[in-house]
Amino acid sequence: MAEGEEDLPRDAKIVKSLLKSMGVEDYEPRVIHQFLELWYRYVVDVLTDAQVYSEHAGKQTIDCDDVKLAIQSKVNFSFSQPPPREVLLELARNRNKVPLPKAIPGPGIPLPPEQDTLISTNYQLAIPKKQPAQAMEETEEDEESAEPNSSQEHKTDAPHPTSQRVSFPLTKRSK
């Protein structure tokens with residue numbers, strides 16, 4: 001055995017031998033600890049699920065069927081299989097039937113049309129609507145009749161702006 005290998009726990013030795021059997025010779029020592037943490041977390045999750053299945057079945061202990069069911073549920077929900085090669089090839093053929101748009105020669109780097117880029121304006125500012133002047137006057141008259149001692153300072157005769165949309169188009173820089 002190599003130096004320092006006697007100090008490793010049994011599980012760490014197993015991980016080390018698995019890495020060696022897969023042809024991985026050069027790795028940081030932390031990799032073994034990371035695999036062990038992943039391994040322990042996975043086992044705890046599977047056994048916790050197996051315990052839930054066992055309790056649901058009304059059993060006092062976890063048996064092999066509960067563990068198999070827990071592993072199968074992990075595989076079904078955690079790992080997904082890529083689509084078959086034939087399906088991917090068919091999707092690629094269909095996608096590649098559509099030709100790319102012609103490049104427009106010009107100065108600088110050719111960019112796609114503005115509607116296809118993420119730099120075009122994608123927002124609008126909406127200024128909130130104010131109450132019409134007539135409705136404001138009625139509201140102020142109601143307040144005055146309710147409070148005869150209130151000051152007249154809060155009244156303004158300034159015209160109220162109408163609702164409008166504001167956008168900021170990007171301008172082209174001249175060189």
Side-chain angles (χ1 to χ4, degrees), residues 1-104 106 108-131 163-173:
M1 288 192 177
E3 260 183 59
E5 198 167 307
E6 309 84 38
D7 299 340
L8 289 175
R10 180 182 60 94
D11 293 342
K13 289 178 185 176
I14 291 171
V15 171
K16 195 170 186 175
S17 67
L18 283 173
L19 288 171
K20 189 173 185 177
S21 71
M22 295 175 67
V24 179
E25 297 291 331
D26 188 26
Y27 54 87
E28 292 185 26
R30 295 183 309 184
V31 170
I32 294 175
H33 299 293
Q34 290 170 341
F35 272 120
L36 284 174
E37 183 181 338
L38 177 70
W39 186 4
Y40 292 152
R41 190 177 325 138
Y42 181 77
V43 169
V44 167
D45 286 346
V46 167
L47 291 177
T48 303
D49 289 350
Q51 184 179 12
V52 169
Y53 297 145
S54 175
E55 288 173 2
H56 181 73
K59 298 184 273 185
Q60 296 294 335
T61 60
I62 298 172
D63 62 7
C64 187
D65 291 332
D66 297 326
V67 174
K68 285 180 183 178
L69 184 60
I71 290 172
Q72 188 61 41
S73 69
K74 284 277 181 214
V75 168
N76 288 343
F77 294 111
S78 299
F79 305 107
S80 63
Q81 295 293 324
R85 180 181 167 96
E86 295 78 27
V87 172
L88 292 175
L89 288 172
E90 183 62 30
L91 286 172
R93 273 190 225 102
N94 288 340
R95 186 61 160 164
N96 290 334
K97 284 180 184 177
V98 178
L100 293 173
K102 298 289 182 193
I104 301 171
I109 300 172
L111 294 175
E114 194 168 319
Q115 69 267 13
D116 295 336
T117 64
L118 296 176
I119 59 173
S120 61
T121 305
N122 62 352
Y123 60 88
Q124 290 183 340
L125 299 177
I127 299 173
K129 292 183 179 180
K130 300 283 184 176
Q131 291 181 348
S163 175
Q164 62 185 10
R165 291 188 177 266
V166 179
S167 65
F168 300 98
L170 297 175
T171 58
K172 294 181 181 177
R173 294 183 184 177

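Every heavy atom of this structure was used, including side-chain atoms; hydrogens, water molecules and symmetry mates were not.
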J.: Please enumerate all residues that pass salt bridge (Lys or Arg N to Asp or Glu O under 4.0 Å) together with K59, with sequence neighbours excluded.
T.: D63, D66
J.: L100: which residues meet the side-chain contact (heavy atoms from CB on, under 4.5 Å) condition with it, sequence neighbours left out?
T.: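 With sequence neighbours excluded, L100 shows a side-chain contact (heavy atoms from CB on, under 4.5 Å) to no residue whatsoever.
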J.: What's the verdict on side chain to side chain contact (heavy atoms under 4.5 Å, CB included) for L18 and I14, showing C-alpha distance, side-chain angles and the deciding distance?
T.: CA-CA 6 Å; L18 283 173; I14 291 171; 4.3 Å; yes
J.: Got a list of side-chain donor-acceptor pairs under 3.5 Å for residues 49-57, not counting sequence neighbours?
T.:
from : atom 1 : to  : atom 2 : distance (Å)
Y53  : OH     : S73 : OG     : 3.3
S54  : OG     : T61 : O      : 2.7

J.: How would you list, by chain and number, every residue that makes a side-chain contact (heavy atoms from CB on, under 4.5 Å) with I71, sequence neighbours excluded?
T.: Y42, V46, V67, V75
J.: Considering residues at least two apart in sequence or located in another chain, which fulfil the side-chain contact (heavy atoms from CB on, under 4.5 Å) criterion with L36?
T.: D11, A12, V15, I32, W39, Y40
J.: Report yes if some heavy atom in the side chain of F35 is under 4.5 Å from a heavy atom in the side chain of K16; otherwise report no.
T.: no
J.: What residues form a side-chain contact (heavy atoms from CB on, under 4.5 Å) with P82, not counting sequence neighbours?
T.: none
J.: First locate atom CG of D26, then atom CG of L19, and finally report the distance between them rounded to the nearest 0.5 Å.
T.: 11.5 Å
J.: Evaluate whether atom CZ of R93 has more than 12 neighbouring non-hydrogen atoms of other residues, nucleotides or ligands under 6.0 angstrom away.
T.: yes
